[in-house]
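In what follows, a structure is listed as structure tokens, so that the remarks can point back to it.
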Amino acid sequence: MTGKKKFLVSVLMVVVVFILVYLGVNFTSNLGKTKSQVTSEDAGKQLNKLYSNISVTTETPVKGQIDINPADVGETLPDISKFPITVNNTTKNFVEIFSSPEKSGTGMDGWLADVATEFNNAKIQVNGKPASVKIRNIASGTAVDYIKSGKYIPDAYTPSNELWGEMVKASGVKTQLISERLVGNVPGIVISKAKHDALLASYGSVNVKTVTEAIANNEFSMGYTDPFASSTGLNFLVTALNTYDSSNILSDKAVQGFEKFQENVPFLASTTIQMRDAAKSGMLDGFVLEYQTYLNTDDLKSGYVFTPFGIRHDSPLYALGDLSKDKLDVIKKFAEFVTQDKYQKMAQEKGFNELNDYKSELAVIEGGLISSAQKIWKEKKNGSKPIAAVFVTDVSGSMAGEPINRLKESLLKGQKYLGKDNSIGLVSYSNDVTINLPIQKYDTTQQSMFVGAVNSLQADGGTATFDGIIVALKMLEDEKAVNPSMKPMIFVLSDGETNRGHSLKDIKDLVATYKVPIYTIGYNADIQALQNISSINEAASINADTDDVVYKIANLFNVQM
């Protein structure tokens, strides 16, 4: 090789090395930049770009008159006919029984309904008169709301567990325990097999105590259901408090332990279905469920481990109020009928009467203590992370009349459940978007402004739903810059129809990146369109018809706010 060629090769090698070093340095620096950092930066640019394309005006808030009386659950309850009769009485001498859904529905959840039908067909006589029963399918917590408020009291009540019966007793309604157990069931934490093995290796055992400790240490991601409505959710609440202080579930020690644990709970579900969907998405390591439902769900049995906890769910039966001897005797006869071997074997075929060796971890808890535990949960469930929420209201022409009136009513009555430590804002949209109320802490002044803003809403024009969501996201991001610890969420109240502005495709990735849950409430709505929005970050979507929208929204706010 000539000297000239050697020189050229040397120069080429220097250039190549320089390029490789340059690329290597840049490659390494990009490796050091996490995906979330890049995504967050890009998301901010995208949000600003989308926002700049929207016509946004800000109204001057006007105060409205607020009702300072505490929330009255009875006022929000719909007519009892909203909850279906699954078995009708066949005689004049009958009793009506409120029953929890896992046993009074259909199919694998229809055991009590099936037995009640056989009872009615058997033409049994009580005190010389033909007797029958009427079964109403209603969630245990909702049933307690009716009974305690006095809005509707059935002759008998069979919730999933005894906690509800104790609460009814404490409310002053005459309560007589007829049977401690109609059918056996157990609540539990359903944990992915991999995470269960990891907890076992770290803590030596898996139970509520070790699970709450793992959650407090940010080593386990779990969700549970609303303890005001869900039997399993209520059971988990009192069991968790009990692990911190078994002598007094309301002590400072118990409350402080619960608050620390609760700060790392990522998900509170309004319903079991919502929570199961979140688990399927991989969002959760575990969640609470009854064993009967676990057995009847194939995709859970194969990938999850069931760990029992708390008080058994043995469906006790209570007689309520001042009943005649005939009615009381019908209830007793029905309790004898359903506990026959034939019907208990039928229950086992539907997933009940398993894990009979499991004994309740807790003794009976007085109803007043349970109600106080619910109040503690309401106050402490967000830990030290106050919520900032923006309500996005549809005021397009399609909402005119009954829908906008129901939207206003549901917000005005539901706002009592929002929580004074949270921050609230309100926007409305039709052709364009209006910021009716900037985000501020929900003190008495902001509450008055919120009421005034809601009262001023009027329906007209097109429907730019996703523009409204973009503005809400921008408001929350600006609020987060001032208050980094806040937990953001959005509530969209709409009929679901969108005909202007941006589309779901435009914002889907953005919403997923920011991880802001968007709860949707539909009024005579395209429910699927709203569910598509809520499903991005596993939030609830409510089909709020004119009968029960206020009650549903009050429950939603109670859980999430």
Side-chain angles (χ1 to χ4, degrees), residues 34 36-63 266 382-395 411 415 418-443 445-450 452-454 456-457 464-494 501-502 504 506-520 533-534 536-537 539 557 560-561:
T34 65
S36 62
Q37 288 173 321
V38 174
T39 304
S40 177
E41 183 181 343
D42 292 344
K45 292 177 181 178
Q46 185 186 356
L47 178 59
N48 289 331
K49 182 178 179 181
L50 292 172
Y51 185 86
S52 67
N53 293 329
I54 302 170
S55 175
V56 183
T57 57
T58 301
E59 283 192 349
T60 302
V62 177
K63 286 186 176 182
N382 295 319
S384 60
K385 297 177 180 178
I387 286 170
V390 177
F391 293 85
V392 180
T393 57
D394 182 351
V395 293
L411 281 179
Q415 53 88 17
L418 295 182
K420 303 302 181 185
D421 291 330
N422 299 320
S423 297
I424 305 299
L426 176 73
V427 305
S428 60
Y429 65 89
S430 54
N431 293 332
D432 302 312
V433 181
T434 299
I435 298 175
N436 304 82
L437 187 66
I439 298 172
Q440 294 289 341
K441 189 170 182 179
Y442 200 63
D443 55 16
T445 299
Q446 185 74 346
Q447 184 183 9
S448 175
M449 297 289 192
F450 183 85
V454 171
S456 70
L457 297 176
T465 303
F466 300 104
D467 287 3
I469 293 173
I470 290 166
V471 172
L473 272 176
K474 183 68 167 62
M475 291 169 67
L476 289 169
E477 282 305 294
D478 291 345
E479 177 67 16
K480 193 169 185 178
V482 178
N483 182 12
S485 65
M486 69 87 172
K487 181 180 177 183
M489 59 181 61
I490 293 172
F491 295 88
V492 175
L493 299 90
S494 172
H502 293 92
L504 177 60
D506 294 333
I507 73 160
K508 188 172 182 178
D509 291 342
L510 189 66
V511 171
T513 298
Y514 280 124
K515 293 184 171 64
V516 177
I518 302 178
Y519 299 90
T520 56
I533 298 170
S534 291
I536 299 171
N537 288 320
F557 292 171
Q560 303 302 339
M561 299 294 292

Between [X] and [Y], which heavy-atom pair has the shortest distance, and what is it?
{"X": "Gly501", "Y": "Asp467", "answer": "CA-OD2, 3.5 Å"}
{"X": "Pro488", "Y": "Pro517", "answer": "O-CD, 3.4 Å"}
{"X": "Ala43", "Y": "Leu510", "answer": "O-CD1, 3.3 Å"}
{"X": "Phe491", "Y": "Ala389", "answer": "CE1-CB, 4.0 Å"}
{"X": "Lys441", "Y": "Asp421", "answer": "CE-CA, 3.9 Å"}
{"X": "Gly468", "Y": "Val433", "answer": "N-CG2, 3.7 Å"}

Exercise for review: Taking the side chain as every heavy atom from C-beta outward, state whether Pro386 and Asn483 have any pair of such atoms under 4.5 Å apart.
Suggested key: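 A side-chain contact exists here, since the closest heavy-atom pair is under 4.5 Å.
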Point to revise | Polar side-chain atom of Ser55 near backbone of Asp432 as donor-acceptor pair, under 3.5 Å | key: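 Not at all, since once roles are kept as given, no pair shorter than 3.5 Å links the two residues.
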What is the distance from atom [atom1] of [X] to atom [atom2] of [Y], rounded to the nearest 0.5 Å?
{"X": "Leu457", "Y": "Leu411", "atom1": "CG", "atom2": "CG", "value": "8.0 Å"}
{"X": "Asn537", "Y": "Thr513", "atom1": "CG", "atom2": "OG1", "value": "9.0 Å"}
{"X": "Asn48", "Y": "Ile470", "atom1": "CG", "atom2": "CD1", "value": "11.5 Å"}
{"X": "Lys487", "Y": "Lys515", "atom1": "NZ", "atom2": "NZ", "value": "14.0 Å"}
{"X": "Ile490", "Y": "Leu476", "atom1": "CD1", "atom2": "CG", "value": "5.5 Å"}
{"X": "Tyr442", "Y": "Ile387", "atom1": "OH", "atom2": "CD1", "value": "13.5 Å"}

Exercise for review: In sequence, state the C-alpha distance, the side-chain angles, and the governing distance for Ile536 and Leu504, and then conclude on side chain to side chain contact (heavy atoms under 4.5 Å, CB included).
Suggested key: CA-CA 10 Å; Ile536 299 171; Leu504 177 60; 3.9 Å; yes
**Study point:** Under the ring-ring contact (aromatic ring centres under 6.0 Å, His included) test, residues paired with Phe466 that sit two or more places apart
**Key:**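 Partners of Phe466 by the ring-ring contact (aromatic ring centres under 6.0 Å, His included) criterion come out as none, since no residue qualifies.
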With [X], which residues qualify under side-chain contact (heavy atoms from CB on, under 4.5 Å), at least two apart?
{"X": "Asp506", "result": "His502, Ser503"}
{"X": "Glu477", "result": "Leu47, Lys480, Tyr514"}
{"X": "Asp509", "result": "none"}
{"X": "Glu59", "result": "Thr434, Asn436, Ser456"}

Point to revise | The single option from Gln446, Met475, Met486 passing side-chain contact (heavy atoms from CB on, under 4.5 Å) against Ile439 | key: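 Testing each of Gln446, Met475, Met486 against Ile439, the sole residue satisfying side-chain contact (heavy atoms from CB on, under 4.5 Å) is Met475.
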Practice item. Walk me through it: do Ile469 and Val492 pass the test side chain to side chain contact (heavy atoms under 4.5 Å, CB included)? Key: CA-CA 8 Å; Ile469 293 173; Val492 175; 3.9 Å; yes
Practice item. Please report the C-alpha distance between Asp394 and Tyr429 in whole Å, then the side-chain angles of each, then the deciding distance to 0.1 Å, and finally whether the side chain to side chain contact (heavy atoms under 4.5 Å, CB included) criterion is met. Key: CA-CA 5 Å; Asp394 182 351; Tyr429 65 89; 3.2 Å; yes
Exercise for review: Check the angle between the aromatic planes of Phe391 and Phe450 and answer parallel, tilted or perpendicular using the 30° and 60° thresholds.
Suggested key: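 If you compare the ring of Phe391 with that of Phe450, the planes turn out perpendicular.
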**Study point:** Sequence-distant partners of Asn431, side-chain hydrogen bond (donor to acceptor under 3.5 Å, both in side chains), two or more places apart
**Key:**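 For Asn431 the side-chain hydrogen bond (donor to acceptor under 3.5 Å, both in side chains) partners, ignoring immediate neighbours, are Arg500.
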Practice item. Could you give me the CA-CA distance, side-chain angles and deciding distance for Tyr51 and Leu473, then say whether side chain to side chain contact (heavy atoms under 4.5 Å, CB included) is met? Key: CA-CA 9 Å; Tyr51 185 86; Leu473 272 176; over 6 Å; no
